[in-house]
Student: 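Have a look at the structure that comes next, please.
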Protein chains: 2
Amino acid sequence: MPKVGRREQILEKASQLFRTKGYHATTIRDISEASGILSGSLYAHIKSKEDLLFEITDRGAEMFLRSLRSVVMSEEDPVTKLRNALVAHIRVITDNLEAATVFFHEWKALTEERRRIIQQKRDEYEAMWARLLSEGEEKGRFRLVDPKFARLLILSAANGLYQWYHPEGELSPEEVADRFADILLSGFTESEGGEKDESR
Amino acid sequence: MPKVGRREQILEKASQLFRTKGYHATTIRDISEASGILSGSLYAHIKSKEDLLFEITDRGAEMFLRSLRSVVMSEEDPVTKLRNALVAHIRVITDNLEAATVFFHEWKALTEERRRIIQQKRDEYEAMWARLLSEGEEKGRFRLVDPKFARLLILSAANGLYQWYHPEGELSPEEVADRFADILLSGFTESEGGEKDESR
DNA sequence: CCTACCGATCGGTAGG
DNA sequence: CCTACCGATCGGTAGG
């Protein structure tokens, strides 16, 4: 008899294993053992190993989209929006290190149809960042020599977080976002020193 | 009878497959098929599948180390060194996209002993970057609120390159490095606009 | 959720 | 470098 919440527990164990060993190196027996059941019994809860990967990856994508949407839709100044978008992005990663790692590292292991679904959500996310930057450009708050390049640099740097951020380390997510924004902003805002937002 | 250069060809095919499918998803039969021989014959050239991964990864590590060493040992100004280090890093990636991707993405699939060897070389590489940045700080050319953070941000952004750079795209490696340096430098050099190096 | 199992495929080897 | 294999393990299923 399936226990309530068992499926969530399996997803969590799978996330941890996919993160540390990678999807292909993680076996159904690894996951079932970590979940305290036998491998055959796993299929009372899931349909396939790939279903697990897709569900973890898709949830990750939705978390990024949801958190950025609320920032983009706000009426804040572009500089503040950039700061808030960074905080949001970093928070998703730091609050969901396993899922975020799987999202960044293992999504290519999905079969084509589902990989396309994730790819679309990634594109949508990048498009939201592009709009945020171009809005800052239009309002004269950023000077971007190459907006596409700036976006790729920001997201590359932000996505690299999952590889070195340790929750038990010295920096809180907000501190990470602040330092990040300070380096970036004084890089492409007019004012010297980068307009630190003291109001938060 | 082993053909001369066959081993190099196998390494190249393996790099391509590891890059697109990942190490664990690539089978010995994939590699041998791509190399035009049968799976059993592969073992006339290699000892194991993991040997291939290690050799590709280790060569990647050595390329990064070699190219950065020559920059660090030069007598240039720290700002020029930073630019040159970025060019060097990006050149290694763009000139060796397959090996670089495998180096960044698949090194964790190595067994412990060899993973430690690669980890050491990664540490050495990061230490060279740290020295480069602290030298700029000491000479008053950079103002780094958090040097460790700056280093992690730079390397994260630079390492992300392999995920979006296409050799047939618009930007040459030098252009990528320049835009990169411009955003970074005007972020943490005193002078406004970022001291673009016109002498190159 | 367990027992018992299956076909397929894996990395790798022996002998030539 | 081929032929011919092998033991181990994989994801997944049938029946309870």
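Numbered from 1 within each chain, the chains take letters A, B, ... in sequence-line order.
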Student: Give a yes/no answer on whether the side chain of A/Tyr43 brings an N or O atom under 4.0 Å of OP1 or OP2 in D/dG12.
Tutor: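 Yes, because at least one side-chain N or O of A/Tyr43 sits under 4.0 Å from OP1 or OP2 of D/dG12.
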Student: In the strands shown, is C/dG15 matched to any nucleotide by a Watson-Crick or G-U wobble pair with both distances under 3.5 Å, and which?
Tutor: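 In the structure as shown, C/dG15 has D/dC2 as its Watson-Crick or wobble partner.
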Student: Let me spell it out: for each of A/Ser39 and B/Glu50, pick the nucleotide of DNA chain C with the closest heavy atom. Which residue's pick is nearer the 5' end?
Tutor: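 Closest to the 5' end, via its nearest nucleotide, is A/Ser39.
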Student: Quick check on DNA chain C: between A/Ser41 and B/Gly40, whose nearest nucleotide comes earlier from the 5' end?
Tutor: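 This one resolves to A/Ser41.
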Student: Nearest whole Å is fine: how far is D/dG11 C1' from A/Ile10 CD1?
Tutor: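 Going from CD1 in A/Ile10 over to C1' in D/dG11 covers 15 Å.
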Student: So, applying side-chain contact (heavy atoms from CB on, under 4.5 Å) with B/Tyr165, which one of B/Thr94, B/Ile90, B/Ile93 is it?
Tutor: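 Among B/Thr94, B/Ile90, B/Ile93, the one meeting side-chain contact (heavy atoms from CB on, under 4.5 Å) with B/Tyr165 is B/Thr94.
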Student: In whole angstroms, how far is the P atom of D/dG11 from the CD1 atom of A/Ile28?
Tutor: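 Taking CD1 of A/Ile28 and P of D/dG11, I get 6 Å after rounding.
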Student: Using whole Å, what does the distance between atom P of nucleotide C/dT9 and atom NE2 of A/His24 come to?
Tutor: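 In whole Å, C/dT9 P and A/His24 NE2 are 14 Å from each other.
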Student: Can you tell me which nucleotide in C/dC1, D/dC1, C/dT3 comes closest to the side chain of B/His45?
Tutor: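 It is D/dC1.
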Student: Under the 6.0 Å and 45° cation-pi test, does A/Lys49 pair with A/Tyr23?
Tutor: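 So A/Lys49 does make the cation-pi contact.
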Student: To the nearest angstrom, how far is B/Lys49 atom NZ from D/dT9 atom P?
Tutor: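 Atom NZ in B/Lys49 sits about 15 Å away from atom P in D/dT9.
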Student: Mind calculating the distance between OH (B/Tyr23) and P (C/dC10) to the nearest angstrom?
Tutor: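 Those two atoms, OH and P, are 13 Å apart.
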Student: Between A/Arg29 and D/dG12, is there a side-chain N or O to OP1/OP2 distance below 4.0 Å?
Tutor: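 False: A/Arg29 side-chain N/O out of range (4.0 Å or more) of D/dG12 OP1/OP2.
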Student: What does A/Thr26 touch in the nucleic acid at a heavy-atom separation under 4.0 angstrom: a base, only the sugar-phosphate, or nothing?
Tutor: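 Answer is sugar-phosphate: A/Thr26 comes under 4.0 Å of backbone atoms only.
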Student: Going through the distances and angles, do A/Arg116 and A/Glu112 end up as a salt bridge (Lys or Arg N to Asp or Glu O under 4.0 Å)?
Tutor: CA-CA 6 Å; A/Arg116 254 203 305 270; A/Glu112 202 180 323; 3.0 Å; yes
Student: Closest to the A/Thr27 side chain: C/dC2, D/dC1, D/dC10?
Tutor: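 Minimum distance to the A/Thr27 side chain belongs to D/dC10.
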Student: Hey, does the Lys NZ or Arg CZ of A/Arg114 hover above the aromatic six-ring of A/Trp107, less than 6.0 Å from the centre and inside 45° of the axis?
Tutor: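 Checked: cation-pi criterion not met.
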Student: Quick one: does NZ or CZ of B/Arg122 land under 6.0 Å from the six-membered ring centre of B/Phe103, within 45 degrees of the ring axis?
Tutor: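 Yes.
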Student: Atom CG of B/Leu52 and atom C1' of C/dG11: how far apart are they, to the nearest Å?
Tutor: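 Spelled out: CG on B/Leu52 to C1' on C/dG11 is 12 Å.
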Student: Grab the CD1-P distance between A/Ile37 and D/dG12 for me, whole Å please.
Tutor: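 Rounding to the nearest Å, CD1 of A/Ile37 and P of D/dG12 are 14 Å apart.
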Student: Separation of A/Glu33 atom CD from C/dC2 atom P, in whole Å?
Tutor: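 Answer to the nearest Å: 13 Å.
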